Amino acid sequence: MNKKQKFFAYPYVIWMFIFIVLPIVLVFLYSITTKEVNNIKTINFTLNNYKLFFDPLYIGVTIRSINLALVSTILCLVLGYPIAYIISKIHSKHRNTVLLLFILPMWMNMLLRTYAWMTILGNNGIINNFLNMLGLPSIRLLYNNSSIIIGMVYNFLPFMVLPIYTALSKMDQHLVEASHDLGADNRTTFLKVILPLSLPGVISGIIMVFMPAVSSFVIPRLLGGNRSLYIGTLIENLFLVTGDWNFGSAVAIMMMLIILVSMSILNRFDVDKEGSGSNLW
Amino acid sequence: MGNKIIELKNISKDYDVRVLNKINLYVNENEFLTLLGPSGCGKTTTLRILGGFEYPTEGDLFFDGKNINNVPPYKRQINTVFQKYALFPHLNIYENIAFGLRIKKTGDGIIKEEVKRMLKLVNLEGFENREIDSLSGGQQQRIAIARALVNKPKVLLLDEPLGALDLKLRKEMQLELKHMQREVGITFVYVTHDQEEALTMSDTVVVMNNGEIQQIGTPVDIYNEPENAFVADFIGESNIIDGIMNEDYLVTFLGRTFKCVDYGFPRNENIHVVLRPEDIVMVPENEGYIKGTVTSTIFKGVHYEMIVNVGTFEILVQSTYQSSVDDRVGLKFTPDDIHIMSKETWSE
Amino acid sequence: MVKRNLHKIYMGLIFVFLYAPILVLVAYSFNDSTSRGNWGGFTLKWYIDLFNDRDIKTALYYTVIVAMLAATIATFIGTFSAIGLYNFKKKPKAIMVNVNYLPVVNPDIVTGLSLMILYLSTNMKLGFLSMLLSHITFDIPFVILAVMPKLKSLNKHLTEAALDLGATPLYALRKVVIPEIMPGIITGFLIAFTLSIDDFVISFFTTGSGVTNLSIVIYSMARRGVKPTINALSTLMLTVVLILLFFINKRSALVEGQKNNGGIK
């Protein structure tokens, strides 16, 4: 390689500064000011936007969003781990086909996948029609927390399954044999060898599901209706409806913070697990 | 040697094709037995059946006189040292060695003592808290042995455990393994494709090829009295020459009749003659039983290896004296050096 | 054996969960009844409606144009940046790679609104150009992520060998390095293209004045309730995806077959 080829990256360094760094700096600036930031003379710093975020109303929104994201993430993990495990155990001849079939729905536009659930859960949807046919009254399935959770699990399940599957299929099969050899039955082997070794996959799965789940505004909008606010829909409202960029920026920064903190907690958890042997000493 | 601890009766294993065919074998207590053969000969499959990772398609497997065909690996008093060690990367050395003991719900004090004892046995005292990936291949090898031996198995299975090590380390480990086996006094079943390793370490060598046992015997037997051309060819280097057994103690090959020490073949039976290259002496042309021309000569460190064309056959000769290409030479050997093998023993 | 069957039943249920919604969409796209409850007989009228829908046709046009342009430009910039970054010293390289990661790990909504703030703060009108720039911005990191590993696994002596044989550095780059990392470049392009085609959130925040893409149209239609033309659109998009996948599979099978034949010869 050639030292001169460094120059190839310079245009993108400038691009990164303008389109990646600068926008985030602007968001931060808006979050600590009132009104526009264009004019240095009229700029007015404040922490009120963050204060407002801690108003019970918005704290409620935040907690509701985190709860929803947590439930979706846990459901994805509970449903997804067995899927990853089963796929990794399938005979290599058929494994790729099953994997392809599993990922195939992901190739459909996310909005369409979400929309599909509207037609199933709606008041006129398949389930209610079926109930009516049996002479039962319709139930309200759409526009509540459960419909949002279903939508999230449906959209994000592959994000959980794929990293776990990768971790499981990368695992040396001889380790399982070694565990059996040393006297561990199937259950013990799973708990003491397979699960800990797939933990990095589980953690990236959790991150990959939790992050879009907590920030999503499409799924709450389409499947949750307009009844309650979530962080994602709140940000969208503030920017596109009320035009309050300052508060909106503060909420966005707080959301990034929440994601960052939860990611670092998870990563620490991973390290702790790996060092557990020495802790037992 | 003691009782039979393991016995295989007519063990066969089929995948898409048959990989093991009617294996009959027993292993005595405290014996160091080696399964030797080229890759794909079935030696590893045999070992995996002993370990319980594969189940035989046909036949019976006995351990201490009891049939263990369907006993899962975690209920067998057998432990394995895997080819690439298979140490648990998420556990440190202490926990790797303690793994089996913890499953047996051994007390912490005893575990600590046992781990220490094992690390001493494998010459890695003080390594308890090290991580697996900080170890060299040779050290990982020792930990894998310690992790298996700490469970006090009756039989230890070793699947080419030295394959990944360099030559010098391999030689050291060969001696150490043999030493350890004597010290702990348990049965070792060892798999290798390295004939030198097999001959150095074993009490008994089982030569396998194409899923079948070719010969079972002590290293000396296997080397000196190969039962068929495969064994002769695989163990050491040999000249395998077509010949006719005229009568007891008399054999004809390469156009001459020689005295030999073998007997019991039918008269005028077609046989294979095995001549080891190091048994042949190179002499001036007129003194030799067989005459030929040197076609190549290679220096091998301790000796020279020469190929002598004797007309219908090219004979490999090892000698500390060098001859030049195109030299006319004579070859001499004693009746003891001529080994006779029947041609039919190849596949039975 | 009981366990085997349990596995099969579980996977069966999961596949029902995954495919039922899609099959429902496809079935309803042929349903001649506006109330979705009952089957009103087979019809193609929603497809005819779809082809007469001006909004959808415009959105399709913009979706494809933006995806093609953004993926091409991003692949170009991304490939050269990856080669450049590869030659950076350790520390600046680590900083650059981390900044490059930001659009990947940031939630889409943050990327979208921060770009919107950038454009509006600089008095740029939201529309085709702002959407295209945004797409390029979130495409480039994925191209770099696809090309970088190929550069890392590239034999360092290849370029040296080329230079040794009298090639100029640029000639060596063109004739040796680029062909060697081509699989990574193609993967990068395909990822960028798919992401652009599918993007909703970032486009939603950074577009304006009548420029929309398919995702935005579907969103606004779906917000107004269920509409059978969306079902028809879904079915068509699904068909396109299936055809694409079929050809990709066939092509890779063909390539592999050729490779195998070559090996035997």
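Computed from a predicted model, the values in this text were never measured in an experiment. Side-chain atoms are counted along with the backbone in the values below, which use heavy atoms only and exclude waters and symmetry mates.
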Close side-chain approach of Val218(A) to Phe204(C), heavy-atom, < 4.5 Å: no
Name the region of Ile14(C), side chain, backbone, both or neither, that has any atom closer than 4.5 Å to a heavy atom of chain A. side chain
Proximity breakdown for Tyr10(A) and chain C, heavy-atom pairs closer than 4.5 Å: side chain
Ser249(A), part contacting chain C, at a heavy-atom distance under 4.5 Å: side chain
Identify the two heavy atoms, one from Ala9(A) and one from Ser81(C), that lie closest to each other, and give their separation to 0.1 Å. CB-O, 3.7 Å
Under 4.5 Å between any side-chain heavy atoms of Ile231(A) and Ile109(C), yes or no? no
State whether the number of non-hydrogen atoms from other residues, nucleotides or ligands found under 6.0 Å of Tyr101(C) atom OH is greater than 12. no
Any side-chain heavy-atom pair of Ser114(C) and Phe28(A) under 4.5 Å: no
Proximal component of Phe88(C), with respect to chain A [non-hydrogen, under 4.5 Å]: both
Can you tell which part of Leu18(C) gets under 4.5 Å to a heavy atom of chain A, answering side chain, backbone, both or neither? both
I need the residue from Met263(A), Met208(A), Met256(A), Arg113(A) with the largest number of non-hydrogen atom pairs under 4.5 Å to chain C. Met256(A)
Can you classify the ring geometry of Phe239(A) versus Phe205(C) as parallel (below 30°), tilted (30 to 60°) or perpendicular (above 60°)? perpendicular
Which one wins on heavy-atom pair count under 4.5 Å against chain C: Ile235(A), Ile86(A), Val25(A), Val27(A)? Ile86(A)
Smallest separation among heavy atoms of Ile120(A) and Pro21(C), with atom names: CD1-CA, 3.6 Å
So which part of Leu25(C) gets closer than 4.5 Å to some heavy atom of chain A, the side chain, the backbone, both or neither? side chain
Enter the distance from Ile18(A):CD1 to Leu115(C):CG here, rounded to the nearest 0.5 Å. 11.5 Å
Is the shortest side-chain heavy-atom distance between Val153(A) and Phe17(C) below 4.5 Å? yes
Examine whether an atom of Val110(C) lies under 4.5 Å from a heavy atom of chain A, and if so say whether it belongs to the side chain, the backbone or both; otherwise answer neither. side chain
Considering only heavy atoms, which portion of Met96(C) lies under 4.5 Å from any heavy atom of chain A: side chain, backbone, both, or neither? both
Residue Lys89(A) excluded, over 12 heavy atoms near NZ under 6.0 Å: yes
Angle between ring planes, Tyr85(A) versus His7(C), binned at 30° and 60°: parallel, tilted or perpendicular? perpendicular
Pick from Phe130(A), Phe17(A), Phe217(A) with the largest number of heavy-atom pairs that fall under 4.5 Å of chain C: Phe217(A)
With respect to chain A, which residue among Asp108(C), Ile136(C), Leu170(C), Ile197(C) yields the maximal number of heavy-atom pairs within a distance under 4.5 Å? Ile136(C)
Which atoms of Val98(A) come close to chain C, meaning under 4.5 Å heavy atom to heavy atom: side chain ones, backbone ones, both, or neither? both
Are more than 12 heavy atoms, taken from residues, nucleotides or ligands other than Phe15(C), located less than 6.0 Å from that residue's CZ atom? yes
Which atoms of Leu102(C) are under 4.5 Å from chain A, going by heavy atoms: the side chain, the backbone, both sets, or neither? side chain
With a 4.5 angstrom heavy-atom cut-off, which part of Ile87(A) approaches chain C: side chain, backbone, both or neither? side chain
Most contacts with chain A, counted as non-hydrogen pairs under 4.5 angstrom, among Thr111(C), Ile140(C), Leu158(C): Ile140(C)
Chain C shares the most heavy-atom pairs under 4.5 Å, among Pro105(A), Gly232(A), Pro212(A), with Pro105(A)
Under a 4.5 Å heavy-atom cut-off, does chain C meet the side chain of Ile83(A), its backbone, both or neither? both
Turns out that what part of Met255(A) lies under 4.5 Å from chain C's heavy atoms comes down to side chain
With a 4.5 angstrom heavy-atom cut-off, is it the side chain or the backbone of Trp15(A) that approaches chain C, or both, or neither? side chain
Counting C-beta onward and ignoring hydrogens, is there a side-chain heavy-atom pair between Leu222(A) and Tyr219(C) closer than 4.5 Å? yes
For each of Ile259(A), Ile207(A), Leu104(A), tally heavy-atom pairs with chain C at distances under 4.5 Å, and name the one with the top tally. Leu104(A)
For Phe200(C) and Asn109(A), what are the C-alpha separation, side-chain angles and deciding distance, and is it a side-chain contact (heavy atoms from CB on, under 4.5 Å)? CA-CA 9 Å; Phe200(C) 167 68; Asn109(A) 190 297; 6.0 Å; no
Need one label for Asn100(C): side chain, backbone, both or neither, based on atoms under 4.5 Å from any heavy atom in chain A. both
Leading residue by heavy atom contact count with chain A [cutoff under 4.5 Å; candidates Val24(C), Ile218(C), Leu113(C), Thr79(C)]: Leu113(C)
Quick check on Ile253(A) against chain C: is it the side chain, the backbone, both or neither that has a heavy atom closer than 4.5 Å? neither
For Met237(C) and Leu112(A), which heavy atoms make the closest approach, and how far apart are they? SD-CD1, 3.8 Å
Are Ile20(A) and Phe138(C) packed together at the side-chain level, in the sense that at least one heavy-atom pair is separated by less than 4.5 angstrom? no
Within the structure provided, determine whether Phe8(A) and Leu173(C) are in side-chain contact (heavy-atom separation under 4.5 Å). yes
How about Tyr115(A) and Asn231(C): do any of their side-chain heavy atoms sit closer than 4.5 Å? yes
Just so I understand: if I count every heavy-atom pair under 4.5 Å between each of Ile230(C), Ile77(C), Leu238(C), Leu85(C) and chain A, which residue has the most? Ile230(C)
Testing Leu242(C), Ile22(C), Asp198(C) one by one against Met108(A) for a side chain to side chain contact (heavy atoms under 4.5 Å, CB included), which residue passes? Ile22(C)
